[in-house]
Amino acid sequence: MEILLTGGAGFIGSAVAARLVRAGHRVRVLDALLPAVHPDGLAGVTLPPEVDFTHGDVRDRATVERALRGVDAVCHQAAMVGLGLDLNDAPEYVSCNELGTAVLLAAMARGGVRQLVLAGSMVVYGEGRYSCAAHGPVAPGPRLAADLDAGRFEPPCPRCGAPLLPGLVGEDAPADPRNVYAASKLAQEHLAAAWARACGGRVATLRYHNVYGPGMPRDTPYAGVASLFRSALAAGRPPRVFEDGGQRRDFVHVADVAAANEAALLSLATSPEGGVRAYNTGSGEVRTVGEMASALAQAFGGPAPVVTGQYRLGDVRHITADSRRLREELGWRPSVPFASGMAEFAAAPLRGARV
């Protein structure tokens, strides 16, 4: 299969490229090498020599049309990631994630390419699934700065104020994006669905949970929590854990995410025309942010994490995946256990690290 991989020089994209090449596919990578992620260009990026690399922006029509010639499928990883530091970031998120996806989809429609794997995100759900002992499944209200300032991090039942029990989120849960990045990722899904309906395309969206592993970018304003903790340890500082460290997450290794992309690409050939399917992509293991920081610090050899009580209003308290659909429909299974994955990550250099 001839595959165009957008964002293929990135952390996840480069792992996907390596996986697809090993499986015998022909891979073209299109990447803008945005300075926020690639301050040194391709330095530190490891791509198989078989990859056909183009430095170009997915927002540029002519570049995308050239990259799509002769392609069987697209794996769309290109995006600006992170929460968005503030609303001043909104235009850039919309431009990179929404406009970029629209340009790509329009070019695919013109070029007759009808298979798309979209890198989605669990952030489209907002808060995770909760239930109240008295009122059953409920959706918590917005987090209030007054509660967070007072150290009340757990969302209460919106009807009776009682503590809530967090659970796993399925793909059919309603979307509730709570920051600029989340809104742009949901918009990508809507654009892909509209494209599929209009031209008979096939879409598999992989809603990534907290991806970690070798090749993560070093500490930047747009880095994920695993990268921030690993960068702190490399600098001899303790990881700074926000809130009380009890935030529930699903940490999934980048090698397993790459395998999920391959499985999704292979599934498209037998998907119905106009079909759109979302898949939660997580390890299936619920861990807290505090647990992850401790495991990483221990594997690295210290220093131990510090729980700060700080918070970001755009964060959510708990979000963990029910990824049975990916297992049952595509036959995917995560292969990297949490402990060994964290040990590997602790020893691996970060991309862009100065040595």
Side-chain angles (χ1 to χ4, degrees), residues 1-8 12-13 16-17 19-20 23-30 52 58-59 61-79 97-122 124-125 170-175 184-208 257-281 321-332:
M1 187 185 301
E2 187 90 19
I3 300 163
L4 173 62
L5 174 61
T6 70
I12 296 174
V16 174
R19 173 86 187 200
L20 294 177
H25 300 288
R26 297 179 300 277
V27 178
R28 305 178 189 179
V29 164
L30 175 64
D52 180 7
V58 75
R59 292 169 287 188
R61 172 176 171 167
T63 299
V64 172
E65 287 181 342
R66 285 194 298 271
L68 281 170
R69 289 173 188 158
V71 160
D72 300 305
V74 173
C75 188
H76 184 34
Q77 306 289 323
N97 299 354
E98 300 181 36
L99 176 61
T101 299
V103 171
L104 173 67
L105 293 171
M108 290 174 67
R110 289 191 298 272
V113 182
R114 297 292 185 261
Q115 299 183 48
L116 172 68
V117 172
L118 175 65
S121 175
M122 53 84 176
V124 300
Y125 298 119
E171 289 88 349
D172 296 329
S184 71
K185 294 303 290 183
L186 183 58
Q188 285 185 315
E189 292 197 28
H190 289 319
L191 288 166
W195 166 83
R197 286 191 295 269
C199 67
R202 302 174 171 96
V203 182
T205 297
L206 299 177
R207 291 176 178 161
Y208 300 157
V257 170
N261 275 271
E262 182 190 6
L265 280 164
L266 295 176
S267 76
L268 291 174
T270 56
S271 299
E273 289 188 4
V276 177
R277 196 71 164 154
Y279 297 95
N280 285 333
T281 307
D322 181 347
S323 50
R324 286 178 297 176
R325 179 183 290 180
L326 184 58
R327 291 164 168 77
E328 293 171 359
E329 294 187 8
L330 303 190
W332 172 85

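None of these values were measured; they are calculated from a predicted model. The analysis underlying the following values was restricted to heavy atoms, covering all of them including side chains, and did not include hydrogens, waters or symmetry mates.
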Item to complete: Step by step, work out the side-chain contact (heavy atoms from CB on, under 4.5 Å) result for Val58 and Val103.
Response: CA-CA 7 Å; Val58 75; Val103 171; 6.0 Å; no

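- Look at Arg277 and Glu329 and you find a salt bridge, because one of the NZ, NE, NH1 or NH2 atoms lies within 4.0 Å of a carboxylate O, short of that distance.
- To the nearest 0.5 Å, the span separating OG on Ser271 from CG on Leu266 amounts to 10.5 Å.
- Annotation: side chain of Trp195 is in contact with side chain of Val203 (closest heavy-atom distance under 4.5 Å).
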Apply side-chain contact (heavy atoms from CB on, under 4.5 Å) to Val29 and Asp52, showing your working.
-> CA-CA 6 Å; Val29 164; Asp52 180 7; over 6 Å; no

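- The number of heavy-atom neighbours closer than 6.0 Å to CZ of Arg324, taken from other residues, nucleotides and ligands shown, is 12 or below.
- Looking at residues two or more places apart in sequence or on another chain, you find a side chain to side chain contact (heavy atoms under 4.5 Å, CB included) between Ala264 and Val117, Ala204, Leu206, Leu330.
- By the 4.0 Å N-to-carboxylate-O rule, Asp72 lies too far from Arg114 to be salt-bridged with it.
- Ion pairing between Arg207 and Glu189 holds under the 4.0 Å rule for side-chain N and carboxylate O.
- Considering every non-hydrogen atom in both Leu265 and Val74, the closest pair reads CD2-O, 4.3 Å.
- Counting only heavy atoms from C-beta outward, the side chains of Gln188 and Leu118 approach each other to under 4.5 Å.
- Across all non-hydrogen atoms, the minimal contact from Leu186 to Ala175 is CD2-CB, 3.7 Å.
- The shortest side-chain heavy-atom distance between Tyr279 and Arg327 does not fall under the 4.5 Å cut-off.
- Partner of Arg28 under the side chain to side chain contact (heavy atoms under 4.5 Å, CB included) criterion, out of Val71, Thr6, Leu5, Ile3: Val71 alone.
- Residues Ser323 and Asn280 share a closest heavy-atom pair of CB-O, 3.3 Å.
- One side chain, Gln77 or Tyr208, offers a donor N or O that lies under 3.5 Å from an acceptor on the other.
- The heavy-atom pair separating Leu4 from Ala67 by the smallest distance is CD1-CB, 3.9 Å.
- Contact record, Met1 with Ala73: SD-CB, 3.9 Å, taken as the closest heavy-atom pair.
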Test side-chain contact (heavy atoms from CB on, under 4.5 Å) on Leu104 and His76; report intermediate values, then the result.
CA-CA 9 Å; Leu104 173 67; His76 184 34; 3.6 Å; yes

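- Interatomic distance, Glu2 CD to Arg69 CZ, rounded to the nearest 0.5 Å: 13.5 Å.
- Here Arg61 pairs with Glu65 in a salt bridge; the nearest charged N to carboxylate O distance falls below 4.0 Å.
- Between atom OG of residue Ser267 and atom CD of residue Glu262 there is a gap of 11.0 Å, rounded to the nearest 0.5 Å.
- Taking each heavy atom of Ala278 and Arg325 in turn, the nearest pair found is O-NH1, 2.9 Å.
- Atom-to-atom distance recorded for Leu105:CG and Leu116:CG is 6.0 Å, nearest 0.5 angstrom.
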